[in-house]
Visitor: 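What follows is a single structure, and I will ask about it in a moment.
Just so it is clear, the values below take in all heavy atoms, side chains as well, and ignore hydrogens, waters and symmetry mates. What you see is a predicted model; the values in this text were computed from it and never measured.
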Amino acid sequence: MAVPIRPGEWPARSLLGVLSPPARRDLLELGTEVRCDAGAVLLREGDDEQHVYLLVSGFTKVTATVENGETSLLAVRAGGDTVGEMASMSGAPRSATVTACGPLTARVSQAADLRELLKHRPEIAMALTGMVADRLRWANRRRLDFRGYPAKVRLARLLVELAGSYGSSRADGVVIGCQLTQPELATMVGAAETTIHKVLRDLRDEGLLETGYRSTTIRNLPELERLADLAHGRRRPT
């Protein structure tokens, strides 16, 4: 059965967002639909399975275990993104765990079926390659940020990038629909949790940010960009 296509449903820089309607339709018709509740583990670090999830709606968190046994948040993925494509293409074990942040819908397909589609749809193959490259650039920027900016600026840069990729404009600001906990934000910007607690309080007091249940609203995006040392209109995708 054909999957209905709703233009503009996915972020413009996500995999589904950049594809032409025919290519998007072919990708959405690959595999089978699954629905997951909050907390469901889609992929588990170290597993040898090679299926791929195409997120249609919802958010996931990508985490990995570091050498001291702590869990570190690596990234957020939202509707329009894929998860699991690295293991699918390389055959290596999963490098991270992917967990649903809330209810989500996805298409799950086997690695062989994805590879066959990529052969017949070079547009999808090129878009997927570009998405992986963007993710590597994002990871490199995080490492550079750790060395070059204080915690408040690092957090501002992260929030601006999340807004650019996953935010939706509302009358009261830009809403990032995935609530990240303070420990998760701390791991993503390389700061102590107590530091992030203080930075978030400062951003709220300055009228730049509002946090609520499962959402973060950026009240003044241009000012947050200024704080983040980012030129207005030049936000990069995560």
Visitor: Just checking, is any N or O donor in the side chain of H51 or Q110 under 3.5 Å from an acceptor N or O on the other one?
Guide: no
Visitor: Same hydrophobic cluster for L27 and V108, using side-chain heavy-atom links shorter than 4.5 Å among ILVMFWY?
Guide: no
Visitor: Scan for ring-ring contact (aromatic ring centres under 6.0 Å, His included) pairs involving residues 19-49, sequence neighbours excluded, and state none if there are none.
Guide: none
Visitor: Are there more than 12 heavy atoms of other residues, nucleotides or ligands under 6.0 Å from atom CG of D205?
Guide: yes
Visitor: Are the side chain of R219 and the backbone N or O of L209 linked by a donor-acceptor pair below 3.5 Å?
Guide: no
Visitor: Please tabulate, for side-chain N and O atoms in residues 112-125, each donor-acceptor pair with protein atoms closer than 3.5 Å (sequence neighbours left out).
Guide:
unit_1, atom_1, unit_2, atom_2, d
R115, NH1, S88, O, 2.9
H120, ND1, E116, O, 2.9
R121, NE, D26, OD2, 2.7
R121, NH2, D26, OD2, 3.1
E123, OE1, S20, OG, 2.9
E123, OE2, S20, N, 2.7
E123, OE2, S20, OG, 3.2

Visitor: Tell me, please, which residues at least two apart from E193 pass salt bridge (charged side-chain N to carboxylate O under 4.0 Å, His left out).
Guide: none
Visitor: Please check: side-chain N/O of R154 versus main-chain N/O of G190, any donor-acceptor pairing under 3.5 Å?
Guide: yes
Visitor: Is atom CE of M86 surrounded by more than 12 heavy atoms (other residues, nucleotides or ligands) closer than 6.0 Å?
Guide: no
Visitor: For side chain to side chain contact (heavy atoms under 4.5 Å, CB included), just list the numbers for V62 and V76, CA-CA rounded to whole Å, side-chain angles, deciding distance to a tenth of an Å, and then say yes or no.
Guide: CA-CA 6 Å; V62 183; V76 174; over 6 Å; no
Visitor: Between W10 and V56 (side chain of the first, backbone of the second, donor and acceptor by atom type, cut-off under 3.5 Å), is there such a pair?
Guide: yes
Visitor: Got a sec, which residues hit salt bridge (charged side-chain N to carboxylate O under 4.0 Å, His left out) with R44, two or more places apart in sequence or on another chain?
Guide: none
Visitor: L16, V83: one ILVMFWY side-chain cluster at the under-4.5 Å cut-off?
Guide: no
Visitor: Are the side chain of R157 and the backbone N or O of A228 linked by a donor-acceptor pair below 3.5 Å?
Guide: yes
Visitor: For E223, which residues count as a salt bridge (charged side-chain N to carboxylate O under 4.0 Å, His left out) partner, sequence neighbours excluded?
Guide: R226
Visitor: Test of understanding: with side-chain contact (heavy atoms from CB on, under 4.5 Å), list the residues that count as partners of V175, not counting sequence neighbours.
Guide: S168, R170, S215, T217
Visitor: Can you name the residues that form a side-chain contact (heavy atoms from CB on, under 4.5 Å) with T63, not counting sequence neighbours?
Guide: T71, L73, T97
Visitor: Enumerate the ring-ring contact (aromatic ring centres under 6.0 Å, His included) contacts for residues 12-50, please, sequence neighbours excluded, ordered by first and then second residue.
Guide: none
Visitor: Treating Ile, Leu, Val, Met, Phe, Trp and Tyr as nodes and any side-chain heavy-atom pair under 4.5 angstrom as an edge, say whether L227 and M188 lie in one connected cluster.
Guide: yes
Visitor: With sequence neighbours excluded, what pairs up with R204 under the salt bridge (charged side-chain N to carboxylate O under 4.0 Å, His left out) test?
Guide: none
Visitor: Taking only residues two or more places apart in sequence, or in another chain, which ones meet E85 in a side chain to side chain donor-acceptor pair (under 3.5 Å)?
Guide: T82, R135
Visitor: List for me each residue that meets side-chain contact (heavy atoms from CB on, under 4.5 Å) alongside A106, sequence neighbours excluded, and say none if there are none.
Guide: V34, Y53, L55, L104
Visitor: Pair E49, R94 - check salt bridge (charged side-chain N to carboxylate O under 4.0 Å, His left out), show working.
Guide: CA-CA 8 Å; E49 299 171 336; R94 303 289 187 195; 5.3 Å; no
Visitor: Taking only residues two or more places apart in sequence, or in another chain, which ones meet E206 in a side-chain contact (heavy atoms from CB on, under 4.5 Å)?
Guide: K152, D202, L203, L208
Visitor: Enter the distance from T60:OG1 to D81:CG here, rounded to the nearest 0.5 Å.
Guide: 7.5 Å
